[in-house]
Amino acid sequence: MRIFQRNRLGIEQGSRVLFSDFEHDGEMWTGNGPREFRAAVSFDSRFDELPVVQVSMSMWDISGDTNQRADITAEHISHDGFEIVFRTWGDTRVARIRADWLAMGDMSDPDNWDVD
């Protein structure tokens, strides 16, 4: 469990279409085997400590003619942003994916002064 001890909890959220590969016969739609797509996300404000980030698929358009395999996660989480990583494998045909994300963490409190 993570307990936030500061006076200010920052919460930022967003939504992003990662790709739309059926429109141009992209790798996720026509490929086979392990495939990966990465999208960088930058936060509007810098978190003081590494935030907790949750990513989920809010829209998926996947062919029903093959097995439906998908993995989505947040990687390379920093104070300033992270990467959304979508993976599939085998014969899965992914037309498009939209991901929603939520980041929560400690933010600076302008009333706390650092005097050394």
Side-chain angles (χ1 to χ4, degrees):
M1 176 185 294
R2 182 161 174 191
I3 299 171
F4 298 99
Q5 297 190 22
R6 302 213 186 236
N7 295 337
R8 293 179 48 151
L9 172 64
I11 300 174
E12 189 169 342
Q13 65 184 25
S15 184
R16 179 171 181 176
V17 173
L18 299 181
F19 56 83
S20 191
D21 277 10
F22 75 99
E23 295 176 331
H24 55 82
D25 290 333
E27 180 183 29
M28 290 293 183
W29 184 243
T30 61
N32 207 339
R35 285 157 284 151
E36 178 179 280
F37 182 87
R38 292 178 173 267
V41 174
S42 296
F43 299 133
D44 290 338
S45 298
R46 187 177 204 283
F47 285 93
D48 279 359
E49 296 181 19
L50 291 182
V52 174
V53 178
Q54 179 183 356
V55 178
S56 63
M57 285 188 284
S58 56
M59 184 272 299
W60 68 331
D61 185 358
I62 296 180
S63 173
D65 295 337
T66 61
N67 288 321
Q68 298 174 1
R69 304 173 185 96
D71 176 43
I72 194 163
T73 191
E75 291 185 358
H76 303 138
I77 298 169
S78 74
H79 300 274
D80 301 305
F82 67 99
E83 278 187 329
I84 300 172
V85 183
F86 175 84
R87 294 180 179 99
T88 190
W89 56 95
D91 61 352
T92 300
R93 293 171 32 105
V94 184
R96 60 187 162 180
I97 296 291
R98 182 177 62 230
D100 287 359
W101 58 269
L102 179 71
M104 299 186 311
D106 290 323
M107 302 295 291
S108 295
D109 185 342
D111 292 335
N112 289 343
W113 296 1
D114 185 19
V115 287
D116 290 325

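Note that the coordinates shown come from a computational prediction; the quantities given were computed from them, not determined experimentally.
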Contact between [X] and [Y] at the side-chain level, heavy atoms closer than 4.5 Å - yes or no?
X: His79; Y: Leu50; result: yes
X: Phe43; Y: Pro51; result: yes
X: Asp106; Y: Phe47; result: no
X: Asp61; Y: Ile97; result: no
X: Arg98; Y: Arg16; result: no
X: Glu83; Y: Val41; result: no

**Message:** Between Arg35 and Glu27 (salt bridge meaning N to carboxylate O under 4.0 Å), is one present in this structure?
**Reply:** no
**Message:** Looking at Glu75 and Arg87, is there a salt bridge between them, counting it only when a charged N and a carboxylate O are closer than 4.0 Å?
**Reply:**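 So Arg87 pairs with Glu75 through a salt bridge.
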**Asked** When clusters are formed by joining ILVMFWY residues with side-chain heavy atoms under 4.5 Å apart, either directly or through shared neighbours, do Val17 and Ile84 land in the same one?
**Response**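 Different hydrophobic clusters.
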**Asked** If you group Ile, Leu, Val, Met, Phe, Trp and Tyr by side-chain heavy-atom gaps below 4.5 Å, do Val55 and Trp60 land in one group?
**Response** yes
**Message:** Applying ring pair (Phe, Tyr, Trp, His ring centres under 6.0 Å) as the test, list every pair that has at least one member in residues 7-41; sequence neighbours left out.
**Reply:** Phe19-Phe37, Phe19-Phe86
**Message:** Within the 3.5 Å criterion, strictly below it, is a donor on Ser15 or Asp100 matched to an acceptor on the partner's side chain?
**Reply:** yes
**Request:** Establish, from distance only, whether the side-chain atoms of Thr92 and Arg69 form a donor-acceptor pair under 3.5 Å.
**Result:**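 Indeed, the side chains of Thr92 and Arg69 share at least one donor-acceptor pair under 3.5 Å.
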**Message:** Within this structure, what is the OG-CZ distance for the pair Ser42 and Phe82, rounded to the nearest 0.5 Å?
**Reply:**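 So the gap between those two atoms works out to 9.5 Å.
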**From Ile72 atom CD1 to Leu18 atom CG, the distance as rounded to the nearest 0.5 Å** = 5.5 Å
**Sidechain-backbone polar pair: Ser78 side chain, Gly81 backbone, donor-acceptor under 3.5 Å** =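 It does hold such a pair.
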**Asked** Transitive ILVMFWY cluster of Val85 at side-chain heavy atoms under 4.5 Å: who else is in it?
**Response**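 Traced through the cluster, Val85 reaches no other member.
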**Results of side-chain hydrogen bond (donor to acceptor under 3.5 Å, both in side chains) for Gln54 - residues two or more places apart only** = none
Compare every heavy atom of [Y] with every heavy atom of [X], then report the nearest pair and how far apart it is.
X: Met28; Y: Asp21; value: N-OD2, 2.9 Å
X: Gly90; Y: Asn32; value: O-OD1, 2.5 Å
X: Met107; Y: Ser45; value: CE-CB, 3.6 Å
X: Ser63; Y: Gln68; value: O-NE2, 3.6 Å

**Asked** What's the verdict on side chain to side chain contact (heavy atoms under 4.5 Å, CB included) for Glu12 and Met104, showing C-alpha distance, side-chain angles and the deciding distance?
**Response** CA-CA 7 Å; Glu12 189 169 342; Met104 299 186 311; over 6 Å; no
